[in-house]
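Below is one structure, written out as structure tokens; the observations come after it.
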Amino acid sequence: MSATTLGAGLLAPARPAAFWPSGWVAGLAWIGAAAAISLLPDADDLGRTQELATLAAGFGGLVLLAALGSTLSGLAPRLARLREAGPWLIVLAAALLAWELATAKYELLPRPFFAAPQSLLEVFTDDYARLGESVWRSLLLVVPGYALGAVIGFLFGVAMGWSRIVGYWAHPVVRLIGPLPATAWLPIAFFAFASSRGASTFLIALASFFPVTVLTWSGVSAVSKAYYDVARTMGASPWFLVRKVAVPAAMPSVFVGLFMGLGASFSVLVVAEMMGVKAGLGWYMQWAQGWAAYANMYAALLVMAGMCSGAVTLLFRLRDRLLSWQKGLVRW
Amino acid sequence: MVSGVNGARLEVRGVSHAFALEKRSLPVLQDIDFTAEPGEFVALLGPSGCGKSTLLRLVAGLEPPTEGQLLVDGAEITGTHPSRTIMFQDPTLFPWRTVRGNAQLGPEARGTLAADGPRIEEALRLVGLAGFASAYPHQLSGGMAQRASLARSLVNEPKILMLDEPLGKLDSLTRLAMQRELVALWERERFTALLVTHDVEEALLLADRVLVLSDRPARIRADIRVETPRPRRRDDAGLVALREEILALLGLAEAA
Ligand SMILES: Nc1ncnc2c1ncn2[C@@H]1O[C@H](COP(=O)(O)OP(=O)(O)OP(=O)(O)O)[C@@H](O)[C@H]1O
Ligand SMILES: [Mg+2]
């Protein structure tokens with residue numbers, strides 16, 4: 001991961017107004033890939049080949065413009081972030097070209113399991129309504145479920161860490177039930193809840209509940225006694241000790257729990273949508289696979305990756321903001 | 001010049017304290033008996049690990065003594081009270097709060113933040129951290145953290161202020177300046193001060209009275225009055241003589 005292990009020239013810290021060699025190479029690579037997509041004949045009858053070429057060429061043109069812009073001192077500082085992406089842009093152009101050649105042009109990989117890039121593009125241009133609807137339905141399921149589990153888990157974890165009695169009774173239960181994957185409750189949940197929506201929300205909440213509870217609890221238990229002593233000598237009430245000492249001190253640990261819970265929630269979401277809920281991205285993938293519409297499946301996978309990554313990014317932003325007092329936070 | 005005395009009388013009556021370890025009990029304080037008059041400045045001197053910090057914890061009410069009684073203005077200490085604050089040996093600043101956030105901890109806990117605002121700024125200025133009010137503890141040096149911790153104690157207008165090696169991490173120049181500030185502060189506010197220190201000279205420069213403690217379990221080996229008027233000079237003949245006496249008590253007499 002460290003920048004120094006890669007080509008020092010490519011990743012040298014961006015200085016304002018300078019030649020951006022990887023930018024020029026990347027722009028030309030994208031235009032080259034576009035030319036290959038457009039000019040080489042498809043082995044089979046595929047739609048959206050020219051549109052894909054246009055997109056690739058347009059993107060290459062933008063990169064070239066940026067490369068030109070970074071030689072102008074006025075624009076250079078704004079392009080500094082982009083300059084770091086130069087090597088990635090080159091590799092992506094090469095990957096697109098390789099993918100295109102191996103599928104659409106020469107059919108080196110078995111069809112239809114390996115879909116061509118233009119087929120994915122076709123899914124986005126032709127089926128965007130259904131995809132968008134699926135994203136929306138997935139979000140409607142995962143956001144309330146995750147939030148519910150996280151809030152209850154947080155409160156429960158604080159109570160467990162703070163109160164000996166709650167800890168005494170809750171600890172064995174959490175220890176026994178917690179490590180059980182939330183998906184194991186699937187049959188029971190779909191039986192116990194009238195609607196599949198209720199069952200899925202419950203399961204997603206359960207999935208985020210456990211890690212948030214455990215990490216909040218351990219965070220609160222690990223708070224140094226010295227902090228409480230300081231606050232107590234200044235007249236702090238027990239409520240103040242919980243709110244202003246225990247909780248803020250435990251926050252770094254709580255965020256680890258929130259992060260783990262997010263992953264668990266997504267995994268339950270997909271399973272629930274494939275098993276019972278007839279909507280959402282998980283269902284879309286299942287449905288596409290049933291029709292051997294692999295391009296749709298990959299497109300949904302890509303959208304799902306964007307959704308999960310976006311959620312994690314949001315969580316990390318929130319953490320960076322709330323925990324700015326910590327030094328050396330990992331960047332996402 | 002001496003304004004009204006704000007401090008409380010502290011009576012320590014036959015206090016012994018032991019910590020329960022796994023198998024045995026560790027006696028730390030033994031028959032500690034003394035009275036600090038309101039506004040008196042008492043220094044506690046003793047070898048490392050003898051129980052000085054423990055004694056302060058008892059006075060703060062963080063722990064009850066195993067034996068004996070502690071009284072403030074005649075009333076037994078049963079718990080913590082903001083009129084008795086400690087500046088702890090470790091600064092123990094809350095890392096998630098800025099320097100100002102740490103300094104306002106007491107007023108915030110008691111719900112008097114609005115009224116105490118100017119006091120907080122004054123305390124920060126007094127310890128020379130006005131310019132660092134919005135810095136986080138991890139951005140401070142060790143000495144700055146100690147000064148922030150001092151500000152946090154001062155804000156509470158204590159009747160008894162306990163200082164557990166408050167100047168331990170400061171360089172010798174800042175230390176001199178802070179000693180002067182401490183005396184000025186005490187002369188102005190006249191709280192009762194309990195100062196734990198390793199530094200014999202510091203005890204003699206600041207205190208009205210020096211209690212010399214023995215090795216663990218700590219007993220009071222000597223109760224020495226320092227009559228020299230303030231401002232004191234460290235080369236004052238009386239202080240130098242006292243210094244020799246105390247060093248001898250601690251078994252560290254300089255070969256004369
Ligand atoms: N919570 C505790 N549990 C068990 N033993 C303790 C506890 N706190 C302190 N002690 C023991 O009590 C003794 C006195 O500790 P204390 O912190 O009062 O020493 P001190 O005089 O302040 O030393 P120093 O000058 O090094 O700060 C030590 O031997 C220590 O190990
Ligand atoms: Mg100590």
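A note on names: the letters A, B, ... follow the listed sequences, proteins ahead of strands, and every chain is numbered from 1. FYI, side chains are in, hydrogens and waters are out, and symmetry mates aren't considered; it's all heavy atoms of this structure.
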Out of curiosity, [X] [atom1] to [Y] [atom2], how far, rounded to the nearest 0.5 Å?
{"X": "B:Thr92", "Y": "A:Lys225", "atom1": "OG1", "atom2": "NZ", "result": "12.0 Å"}
{"X": "B:Glu63", "Y": "A:Asp229", "atom1": "CD", "atom2": "CG", "result": "8.0 Å"}
{"X": "A:Gln326", "Y": "B:His138", "atom1": "CD", "atom2": "NE2", "result": "9.0 Å"}
{"X": "B:Thr85", "Y": "A:Arg232", "atom1": "OG1", "atom2": "CZ", "result": "14.5 Å"}

Notebook entry, point to check: Relative to chain A, which segment of B:Glu108 carries a heavy atom at a distance below 4.5 Å: side chain, backbone, both, or neither?
Noted result: both
Next item on the list: Give the intermediate values and the outcome of side chain to side chain contact (heavy atoms under 4.5 Å, CB included) for residues B:Arg152 and A:Val230.
Entry: CA-CA 10 Å; B:Arg152 180 174 65 183; A:Val230 167; 3.4 Å; yes
Take atom [atom1] in [X]; do more than 12 heavy atoms of anything else shown fall under 6.0 Å from it?
{"X": "A:Tyr228", "atom1": "OH", "value": "yes"}
{"X": "A:Arg243", "atom1": "CZ", "value": "yes"}
{"X": "A:Trp185", "atom1": "CH2", "value": "no"}
{"X": "A:Ile165", "atom1": "CD1", "value": "no"}
{"X": "B:Lys52", "atom1": "NZ", "value": "yes"}

Shortest non-hydrogen separation from [X] to [Y] and the atoms involved:
{"X": "B:Arg110", "Y": "A:Gly235", "value": "CG-O, 4.2 Å"}
{"X": "B:Pro95", "Y": "A:Trp325", "value": "O-CB, 3.3 Å"}
{"X": "A:Ala236", "Y": "B:Ala109", "value": "CA-CB, 3.7 Å"}

Margin query: Pair B:Leu105, A:Lys244 - check side chain to side chain contact (heavy atoms under 4.5 Å, CB included), show working.
Written below: CA-CA 9 Å; B:Leu105 195 68; A:Lys244 298 295 181 82; 5.7 Å; no
Margin query: Given heavy-atom pairs under 4.5 angstrom as the criterion, report whether the side chain, backbone, both or neither of A:Phe240 touches chain B.
Written below: side chain
